[in-house]
**Student:** 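The structure under discussion is supplied below as structure tokens; questions concerning it will follow.
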There are 2 protein chains.
Amino acid sequence: MKRLTIKDIAEKAGVSITTVSRVLNQKEEGMSQKTREKVLKVMEEVDFQPNQFARGLVTKRSKTFGLIVPNISNPYFPELCRGVEDEANESEYSLIICNSDDQTDKEKRYLRLLEEQQVDGIIFSAKDYLDPSDEEQLSRAKIPFVLIDRGKEEKKHSGVFLDNDKGGYLAGKHLIELGHRNIACIIGPRSIALSNDRLEGFQRALRESGVELLPSHIIEGNFQMEMAYHKSKDLLMKKEVTAIFACNDMMACGVYRMAHELGIRIPTDLSIVGFDDIPLISALIPKLTTIRQDTYQMGREAVKLLIQKLDNIETTSVLFNPTLVVRESSTPPNV
Amino acid sequence: MKRLTIKDIAEKAGVSITTVSRVLNQKEEGMSQKTREKVLKVMEEVDFQPNQFARGLVTKRSKTFGLIVPNISNPYFPELCRGVEDEANESEYSLIICNSDDQTDKEKRYLRLLEEQQVDGIIFSAKDYLDPSDEEQLSRAKIPFVLIDRGKEEKKHSGVFLDNDKGGYLAGKHLIELGHRNIACIIGPRSIALSNDRLEGFQRALRESGVELLPSHIIEGNFQMEMAYHKSKDLLMKKEVTAIFACNDMMACGVYRMAHELGIRIPTDLSIVGFDDIPLISALIPKLTTIRQDTYQMGREAVKLLIQKLDNIETTSVLFNPTLVVRESSTPPNV
DNA sequence: TTGTACGCGTTATCAG
DNA sequence: CTGATAACGCGTACAA
């Protein structure tokens, strides 16, 4: 028993295939109720499903989006995926999720794969910025796309971003207000613009109060726990600072671990502020003060933006605002 | 400038479309080197990409798999996704990832969506077991599928599973060997078979040493941190047990939090053993002893199994072995 | 060794 | 208000 086609439906209903196609696509202006219902009934009965290949062949649309994220193992991204997926599904799109594992060549392979799969659009969270060669590929393939999280500086393309500078500023201000003066910062890779944005906002907050961030107190990480763990060792052993701002929660976790190993108590000896507010940090003891972003909603917004693009509506980037969530890991310094 | 077709390639290369199609599909037995190379060169030059819709229409294959997972926010599943994705891509399949959010109706909707998208196969991690109505839908749609993680008891269908009973046993044995006699267990939902498997293995280990698990010491959770956190309160306050086995790491995190709030020290006052060994638990202090499963590899194996099915090779389920990873959260009880 | 011609299941155009 | 029919781009049986 093979799949039924609109031809079969047409026969069963005693109408032409055109008519069936019409009700399928709700192009029913001025169609008799009776015909319509007859067709609908038959379709219902046999649980008819149109062939997407044939459809795509004609319409050139796959009803599928692609999503490329840099690292699915960072809990930030599953949240983002959920947002994108939910919004896409609600608009009747499927989603192909690709994890580039922070590797540029994988990113390129996936771009290619999505092109081959003829997705209708791509939501792209690049490794760091939108690579010119990627940009060229996307435009050559004429695939509409929106950026998300990474690539804000790309003024030519719209996307959904966080005001990272503001996030950094909030973190800095908070620590300053608590009275900290000797502070360090563990940033993401220098090559990633949002790392620098967070750092700059952070430094601005310190400068406003006449506090300087020593170069030796700026540590470059890779947004992952492991490296932050190792790289924070020196810093913590020297005991020069009373507070650390980790530019994402995963790295804050690494600092927690190292602090614990060195017998440094949080927040008594050391205050820590993270960034992202990923769900899992509720497991940290003490609870982590962090800069929150509404990742799920950003995912949804990206899809809305993409759909606008498909409809040829002029789009502009959306900037989300981070907020400070004060918990237990930040207190005034111990004098 | 529209997309090029094999017809265009054929013209440029001065051959027929059949010839182009042949080199595209590597059906080149007995084709002259020269023709072949000529075609290949043209395809290279224009960066030709065949139209998947037209292909699918003829071959009835989409080169796409679907993956349904119950909860992408549990870090166990991103690992699984990575495995599935990598293996699928290596075999030139794309992957549509669907997150059912532990909701049966979403599960059904996704099954339907994947059917509509005409995926070539589905890797299905059901909410708890393979629902008869899902089973019927899958078989009616004739979509090959393999189960993963959940649904082992389904003898009719093959899949990739963990020996959960053994995992539970390892946890129990470990605690017994450390000298614990008053032990509690936080299990997953009763409706999920693997919850019971883990519990049974665990109980078997205790029984072998004449230790009984009191009904009041069996607490039903939902595999999530939050509920384990709340539900462990009573248990911890009564101070009846010296050790807890949490049936997944997320729930272990919840216990950590509650223990901390109540001033119960781990492992001095309380030993804890988790399950899964998800990456993020390296952030826990002290480090969590847990039952490890090779989630990534399980994902890969599931795809291999699925591809075998597509090739009409007889398949049997694959059972993975969990291992005990002793870290810092389990020590002999304090007497 | 290569080419011709048909069919896959839809949508869109035009005619009735 | 409804129906023929020509695309869409590819794979393949059959022909040369």
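Just so we're on the same page: letters track the sequence lines, and every chain starts at 1.
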**Student:** Can you find a pair of side-chain heavy atoms, one from B:M43 and one from B:L40, that are under 4.5 Å apart?
**Tutor:** yes
**Student:** Regarding B:Y76 and B:D149, is there a side-chain donor-to-acceptor distance under 3.5 Å anywhere?
**Tutor:** yes
**Student:** Measure NZ/B:K7 against C1'/D:dG11 and give the value in whole Å, please.
**Tutor:** 16 Å
**Student:** Measure from the side-chain heavy atoms of A:I6 and tell me the nearest of C:dT10, C:dA5, C:dC14.
**Tutor:** C:dT10
**Student:** Send over the distance from B:R22 CZ to C:dG3 C1', rounded to a whole Å.
**Tutor:** 8 Å
**Student:** With a 4.5 Å limit on heavy-atom distance, are the side chains of A:T316 and A:S158 in contact?
**Tutor:** no
**Student:** Rounded off to whole Å, could you give me the CD1-to-P distance for the A:I9 and C:dT10 pair?
**Tutor:** 9 Å
**Student:** With a 4.0 Å limit, can you tell me whether A:S32 has a side-chain N or O closer than that to the phosphate oxygens OP1/OP2 of D:dC1?
**Tutor:** no
**Student:** Tell me which residues in residues 42-50 of chain A put a heavy atom below 4.0 Å from DNA chain C, sorted by number, or none.
**Tutor:** A:F48, A:P50
**Student:** Just compare D:dC14, C:dG9, D:dG9 and give me whichever is closest to any side-chain atom of B:N51.
**Tutor:** D:dG9
**Student:** So, for B:L305 and B:T315, which heavy atoms are closest and what is the spacing to 0.1 Å?
**Tutor:** O-CG2, 3.8 Å
**Student:** Going by the angle between their ring planes, with limits at 30° and 60°, are B:F65 and B:Y93 parallel, tilted or perpendicular?
**Tutor:** parallel
**Student:** Among C:dC14, C:dT10, D:dG11, which nucleotide has an atom closest to any side-chain atom of B:L24?
**Tutor:** D:dG11
**Student:** Below 3.5 Å, does any donor atom in the side chain of A:S16 face an acceptor in the base of D:dA4, or the other way round?
**Tutor:** no
**Student:** CD1 of B:I17 versus C1' of C:dC6: gap in Å, rounded?
**Tutor:** 11 Å
**Student:** Within this structure, what is the NZ-to-P distance between A:K60 and C:dT10, rounded to whole angstrom?
**Tutor:** 17 Å
**Student:** Hey, is the side chain of A:S21 poking within less than 4.0 Å of OP1 or OP2 on C:dA12, counting only N and O atoms?
**Tutor:** no
**Student:** Nearest heavy-atom pair of A:I72 and A:C81: which atoms, and what distance?
**Tutor:** CD1-SG, 3.9 Å
**Student:** Compare side-chain N and O positions of B:T18 against OP1 and OP2 of D:dG11 and report whether any pair is under 4.0 Å apart.
**Tutor:** no
**Student:** For a quick test of reading the model: is some side-chain N or O of B:R55 closer than 4.0 Å to OP1 or OP2 of D:dG11?
**Tutor:** yes
**Student:** Is the distance from OP1 or OP2 of D:dG11 to the nearest side-chain N or O of B:N25 less than 4.0 Å?
**Tutor:** yes
**Student:** Hey, are A:E45 and A:K12 close enough for a salt bridge, meaning a charged N less than 4.0 Å from a carboxylate O?
**Tutor:** no
**Student:** Measure the distance from CG on B:D8 to P on D:dC8 and round it to the nearest whole Å.
**Tutor:** 11 Å
**Student:** Assuming nearest nucleotide by heavy-atom distance, tell me which of B:V20 and A:T35 is located more 5' along DNA chain D.
**Tutor:** A:T35
**Student:** What nucleotide, of D:dG11, C:dT10, D:dC8, holds the atom closest to the side chain of A:L57?
**Tutor:** D:dC8
**Student:** What is the distance from CD of A:E11 to P of C:dG9, rounded to the nearest Å?
**Tutor:** 13 Å
**Student:** Can you check the B:Q52 CD to D:dC8 C1' distance for me, whole Å?
**Tutor:** 15 Å
**Student:** Please confirm whether any donor atom in the side chain of B:T19 sits under 3.5 Å from an acceptor in the base of C:dT1, or the reverse.
**Tutor:** no
**Student:** For the residue pair A:E85 and B:Y110, establish whether any side-chain heavy-atom pair is separated by less than 4.5 Å.
**Tutor:** yes
